[in-house]
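Only this structure's heavy atoms are used, side chains among them; waters, hydrogens and symmetry mates stay out. A note on names: the letters A, B, ... follow the listed sequences, proteins ahead of strands, and every chain is numbered from 1.
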Protein chains: 2
Amino acid sequence: MDYQSFCQQYQPSKKELFTQFYRFFKDKFSVKNERIAVEKLATIIEATFKLSANQSFANMSLRQLSKESGLSMGGLYAYIQNKQQLSLFIHEFLSYFVIKTINQVTKNKGCNNLECIIKTHIYLSELLQPWFFFAFMESKNLSRDEIKAAIQSDLLMESKLIEVIKRGQQEEIYSTILKAETVASLTKPLLSEWYLKRWKYKKRGMSIDQYCLAVMIFIERGLTSPHSLSEFENNEKP
Amino acid sequence: MDYQSFCQQYQPSKKELFTQFYRFFKDKFSVKNERIAVEKLATIIEATFKLSANQSFANMSLRQLSKESGLSMGGLYAYIQNKQQLSLFIHEFLSYFVIKTINQVTKNKGCNNLECIIKTHIYLSELLQPWFFFAFMESKNLSRDEIKAAIQSDLLMESKLIEVIKRGQQEEIYSTILKAETVASLTKPLLSEWYLKRWKYKKRGMSIDQYCLAVMIFIERGLTSPHSLSEFENNEKP
DNA sequence: TAAAAAATCGAGCGTTCGCTCTATATTGAC
DNA sequence: GTCAATATAGAGCGAACGCTCGATTTTTTA
């Protein structure tokens with residue numbers, strides 16, 4: 001699986017994505033016409049990402065959002081009940097979408113391994129980079145109840161990682177020197193790195209598949225040269 | 001070097017820390033009495049960390065800060081010229097302090113290696129956890145000019161990492177399968193992980209030195225079991 | 001201990017915020 | 001083309017914001 005083939009199977013068009021978004025929260029919107037709502041929601045959400053990236057969601061005013069999205073204040077409030085809900089919608093839909101896709105992918109034959117899960121996450125975070133970035137940066141503004149729904153996808157990701165690592169350890173493909181939970185915890189920030197510092201890797205000319213390969217090599221092999229591995233075993237093993 | 005010995009050498013008392021802070025920005029404060037200023041600055045900064053952690057700096061009002069720190073609005077403004085400057089001071093002082101300490105540590109004999117640099121960063125981020133957390137989460141609110149000063153410590157850290165990795169590669173201790181720059185970039189989020197998700201590791205009962213060890217093992221050895229390394233070499237090497 | 005200097009107080013200023021509500025414009029069924 | 005139904009506009013509301021400044025308290029000086 002590479003990024004291109006992933007996209008062919010799982011990349012929704014903008015229209016498809018926001019149609020799903022609209023239907024997910026359908027009863028919360030006062031706008032009943034799906035065609036209109038989907039189009040307006042797309043501009044609202046995208047304007048939110050743009051403004052939040054430059055400042056932060058808290059510093060973004062609804063007047064700015066109104067101007068950026070081309071809707072009036074009243075028009076805006078046909079789609080959100082309050083500012084906080086806008087942030088909540090983004091978190092909840094992303095979580096739903098990530099879970100859905102991960103479950104789809106891992107159901108495929110030969111796709112329930114470390115490489116596949118890691119690639120799925122990185123590819124997804126590329127398709128929905130503004131969503132992932134927003135969710136990471138603004139997660140603090142959620143109340144305790146709201147967080148529970150929002151981190152479901154995080155928990156699923158972590159449990160999937162632990163599962164495949166444990167299996168690898170049982171099959172003696174993977175070392176047991178670190179607990180699977182520890183490896184999973186250390187792996188997650190390598191996934192976030194891609195969507196948090198995306199500009200950095202673009203600037204360096206590193207493609208997403210090169211990044212995935214680097215992460216896989218890093219996770220599986222580490223830094224140590226095969227030449228010096230035996231020495232290392234003697235010196236550093238606790 | 002372990003955390004305890006690091007603390008003995010480099011941990012400043014609260015008073016020492018904020019005395020340095022006061023002197024670093026001395027001419028910006030209207031309060032001339034160092035003893036008074038140091039004490040008040042400590043309460044202001046700590047209140048800022050507390051409130052920003054629960055909401056965000058943008059959502060924190062100066063009335064909240066006034067209440068939390070026990071100073072009046074006017075009292076507060078003897079120490080800051082405006083809200084934005086408070087955030088800027090925190091960023092700038094942290095960057096200064098980190099650079100100072102890293103340079104101190106790496107000057108020591110036998111301390112210019114990967115383990116030492118990584119430990120220094122993780123230990124520092126433990127001593128100054130609220131500072132690191134704040135700087136990471138609120139970096140977006142800085143203007144372009146302000147960012148330049150704030151990320152100096154980040155750039156220093158990255159260049160130190162690259163330096164020692166390159167040296168390790170020349171000495172054939174480290175594999176050259178990944179570029180030093182790539183390894184350094186993937187290492188950094190493992191350092192941030194400790195201060196961003198500190199509660200998680202505390203809850204698990206993982207000590208800071210256990211975390212450091214896990215990171216070192218992860219970086220140097222990766223996941224692959226020595227048993228399967230030779231197979232892996234044949235299958236996965238690009 | 002009295003006067004000068006320094007530090008703090010907090011009501012109040014102008015502004016902007018999130019949000020509402022009525023008037024208007026747009027849409028779709030017939 | 002007409003008329004309900006639906007969707008959008010934007011001035012206006014009270015509240016909260018960042019910040020100021022003369023009054024007051026605390027500290028230092030002599």
Task: Pair E39(A) + K15(A): basic N to acidic O under 4.0 Å - done: no
Task: Spacing between K83(A) atom NZ and dC17(D) atom P, to the nearest angstrom - done: 13 Å
Open item on the list: Whether K188(A) and E193(B) form a salt bridge (side-chain N of Lys/Arg under 4.0 Å from carboxylate O of Asp/Glu) is what I want to check.
Closed with: no
Task: Most 5' of A78(B) and N59(A) on DNA chain C, judged by nearest nucleotide - done: A78(B)
Task: Interatomic distance where CD belongs to Q84(B) and C1' belongs to dG18(D) [whole Å] - done: 13 Å
TODO: Determine, for E46(A) against K50(A), whether the closest basic-nitrogen to carboxylate-oxygen distance falls under 4.0 angstrom.
DONE: no
Open item on the list: For dC17(D) and S61(B) - does any side-chain N or O of the residue sit under 4.0 Å from the phosphate oxygens OP1/OP2?
Closed with: yes
Task: Interatomic distance where CG belongs to L76(B) and P belongs to dC17(D) [whole Å] - done: 14 Å
Open item on the list: Closer than 4.0 angstrom, basic N to acidic O: yes or no for K200(A) and E158(B)?
Closed with: yes
TODO: Could you tell me from which nucleotide to which nucleotide of DNA chain C, 5' to 3', there is an atom under 4.0 Å from chain A heavy atoms?
DONE: dC17(C) to dG28(C)
Open item on the list: Between R23(A) and E34(A) (salt bridge meaning N to carboxylate O under 4.0 Å), is one present in this structure?
Closed with: yes
- [ ] Ignoring hydrogens and angles, state whether a donor on the side chain of Q84(A) or E146(A) is under 3.5 Å from an acceptor on the partner side chain.
- [x] yes
Open item on the list: If you define the side chain from C-beta out and look only at heavy atoms, does anything of F89(B) sit under 4.5 Å from I45(B)?
Closed with: no
Open item on the list: Using a 4.0 Å cut-off on heavy atoms, which residues in residues 25-42 of chain A reach DNA chain C? List them by number, or say none.
Closed with: N33(A), R35(A)
Task: Whole-Å gap separating P (dA7(D)) and CG (L71(A)) - done: 13 Å
TODO: Starting from C1' on dC19(D), measure out to CG on L86(B) and report it in whole angstrom.
DONE: 14 Å
- [ ] Using a strict 4.0 Å threshold on nitrogen-to-oxygen distance, state whether E126(A) and K202(A) make a salt bridge.
- [x] yes
